[in-house]
There are 2 protein chains.
Amino acid sequence: MIQVSIVEDNDAIRNGLAMLINATADMECISTYTDCETCIGDLPDHGPDVILMDIGLPGMSGIEGVREIKKDFPDIHILMLTVYEENDKIFDALCAGATGYLVKKTPAEQLIQAIQDVVHGGSPMSSHIARKVVAFFQKQPPKAMEEHHLSSREMDILTSLANGNSYKLIADDLTISIDTVRFHIRNIYKKLQVNSQTEAISKAFRDGLIK
Amino acid sequence: MIQVSIVEDNDAIRNGLAMLINATADMECISTYTDCETCIGDLPDHGPDVILMDIGLPGMSGIEGVREIKKDFPDIHILMLTVYEENDKIFDALCAGATGYLVKKTPAEQLIQAIQDVVHGGSPMSSHIARKVVAFFQKQPPKAMEEHHLSSREMDILTSLANGNSYKLIADDLTISIDTVRFHIRNIYKKLQVNSQTEAISKAFRDGLIK
DNA sequence: CGGTCAACCGCATGATGATGCGGGTGATAT
DNA sequence: ATATCACCCGCATCATCATGCGGTTGACCG
């Protein structure tokens with residue numbers, strides 16, 4: 001029996017969801033809340049397996065609620081159920097610890113399916129949400145190493161620099177002279193359009209040149 | 001009519017998939033390949049809407065194939081269909097441009113559903129795959145600011161430092177004296193266990209103190 | 001009320017870095 | 001065969017940083 005709680009301030013939606021869940025075999029809605037705060041207060045007494053969580057709530061937002069709940073009850077799966085489709089909300093919710101993310105227009109049967117999915121190790125997402133999540137990975141390397149056309153030697157030096165080595169140490173590591181290290185670093189600066197180690201390292205990290 | 005191509009070296013699987021697709025209304029398999037190279041060669045002539053792509057292929061890997069295809073035909077949706085569930089493969093495939101990621105044991109009807117989903121703006125993923133993708137977002141801050149207990153002032157300085165500002169600039173920005181900047185930086189170094197700007201910035205990035 | 005702590009300020013010294021200039025080699029491309 | 005480019009080396013100079021020491025203030029806590 002999957003035990004579900006609901007956090008949703010709209011009465012009609014909340015009650016509708018509760019009825020839907022109670023009408024499903026092997027699933028029951030053990031509690032409903034109109035805000036995160038009271039939900040969190042109840043958790044020590046009766047913790048559900050899954051929480052359906054709205055985002056736009058009075059008081060603490062659903063995303064903040066996820067963070068709080070996950071901190072103390074990491075085993076509870078939280079399924080965001082919201083009208084928001086902005087990237088910020090999606091990623092914030094997932095980073096906060098939400099296991100899935102559904103838009104409110106999701107049909108009843110898919111919602112039930114999602115709840116089952118989440119307890120069986122899945123992460124249900126509405127299709128357009130999933131697409132945005134996937135898109136996140138694809139726009140990651142806007143400027144890769146090739147864009148900055150750093151030579152392999154320059155990458156050596158940059159990497160060593162990022163590890164906190166001084167010019168002297170880098171020179172010893174690569175068995176070249178310290179002046180050569182200077183030479184390469186000058187070129188790196190030109191290519192990255194910076195003029196200090198700190199800037200170079202920052203840029204390298206942000207552009208994914210270094211991990 | 002959704003036009004589908006298949007790249008899969010296993011004869012039984014490839015033929016099975018083709019039959020399944022051709023048996024579905026509004027869907028046809030227009031070509032099948034046992035390797036990426038010939039598929040890519042064919043694309044200029046007959047480009048499908050969706051490609052089902054295996055990863056473990058003779059010659060060019062499916063992931064490399066995705067990269068190549070997406071470079072020249074960004075509108076073709078590629079659905080990975082593979083046995084691999086390792087994080088590396090998943091993320092590499094998505095970064096390369098795959099729109100969805102299914103494991104091979106996916107039942108026929110879900111596979112058909114996934115193909116339809118992908119042309120309608122979704123990103124179908126097997127449930128365990130989706131969970132891994134979501135988990136990616138959640139394990140981001142292994143050591144957050146709290147772990148290093150940097151004060152908010154120290155964070156100001158660290159951030160400014162990462163933006164390539166010199167002590168003097170930081171001092172002006174925060175309207176404090178340059179000696180105070182030094183003071184804070186000394187403390188930052190102690191807390192991060194480093195002793196140079198470069199190391200501090202590297203550590204800050206790697207620990208997610210700075211984005 | 002004394003203790004602790006974050007935040008602030010100052011000075012001094014040696015080390016390191018940034019940048020300008022000069023030069024050399026070998027491999028690849030035109 | 002000459003150009004280009006990555007890579008290598010050297011010197012000089014000024015700016016910046018790392019680190020040691022000292023101090024003040026105001027907030028919070030037992």
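Each chain gets a letter, A, B and so on, in the order the sequences are listed, and its residues count up from 1. It should be emphasised that the depicted structure is a prediction, and the values quoted were computed from it without experimental measurement.
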*Counting heavy atoms from C-beta on, name the nucleotide in dC8(C), dA18(C), dA6(C) closest to the side chain of Ser151(B).*
dA6(C)

Does the side chain of [X] reach to within under 4.5 Å of the side chain of [Y], using non-hydrogen atoms?
| X | Y | result |
| --- | --- | --- |
| Leu43(B) | Asp72(B) | no |
| Phe205(B) | Ile210(A) | no |
| Ser123(B) | Met125(A) | no |
| Leu94(B) | Phe136(A) | no |
| Asp54(A) | Val7(A) | no |
| Leu17(A) | Leu111(A) | yes |

*For DNA chain C, determine which residues of residues 159-171 of chain A have any heavy atom closer than 4.0 angstrom to one of its atoms, and list them numerically.*
Ser166(A), Tyr167(A)

*Within residues 178-185 of chain A, find the residues that approach DNA chain D with a heavy atom at under 4.0 Å, and present them sorted by residue number.*
Asp179(A), Thr180(A), Phe183(A), His184(A)

*Sequence-distant partners of Glu37(A), salt bridge (Lys or Arg N to Asp or Glu O under 4.0 Å), two or more places apart*: none

*Within the pair Tyr189(A) and dT19(C), is there a side-chain N or O less than 4.0 Å away from OP1 or OP2?*
no

Provide, to the nearest angstrom, the distance between the [atom1] atom belonging to [X] and the [atom2] atom belonging to [N].
| X | N | atom1 | atom2 | result |
| --- | --- | --- | --- | --- |
| Lys190(A) | dC5(D) | NZ | P | 14 Å |
| Gln197(B) | dG17(C) | CD | P | 11 Å |
| Ile188(B) | dA7(C) | CD1 | P | 10 Å |
| Glu199(A) | dC17(D) | CD | P | 11 Å |

*Does the base of dG20(C) carry an N or O that pairs as donor and acceptor with the side chain of Arg186(A) under 3.5 Å?*
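A donor-acceptor contact between them is present.
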
_Reference residue Glu85(A); test salt bridge (Lys or Arg N to Asp or Glu O under 4.0 Å); the match among Lys105(A), Arg131(A), Lys104(A)_ = Lys105(A)

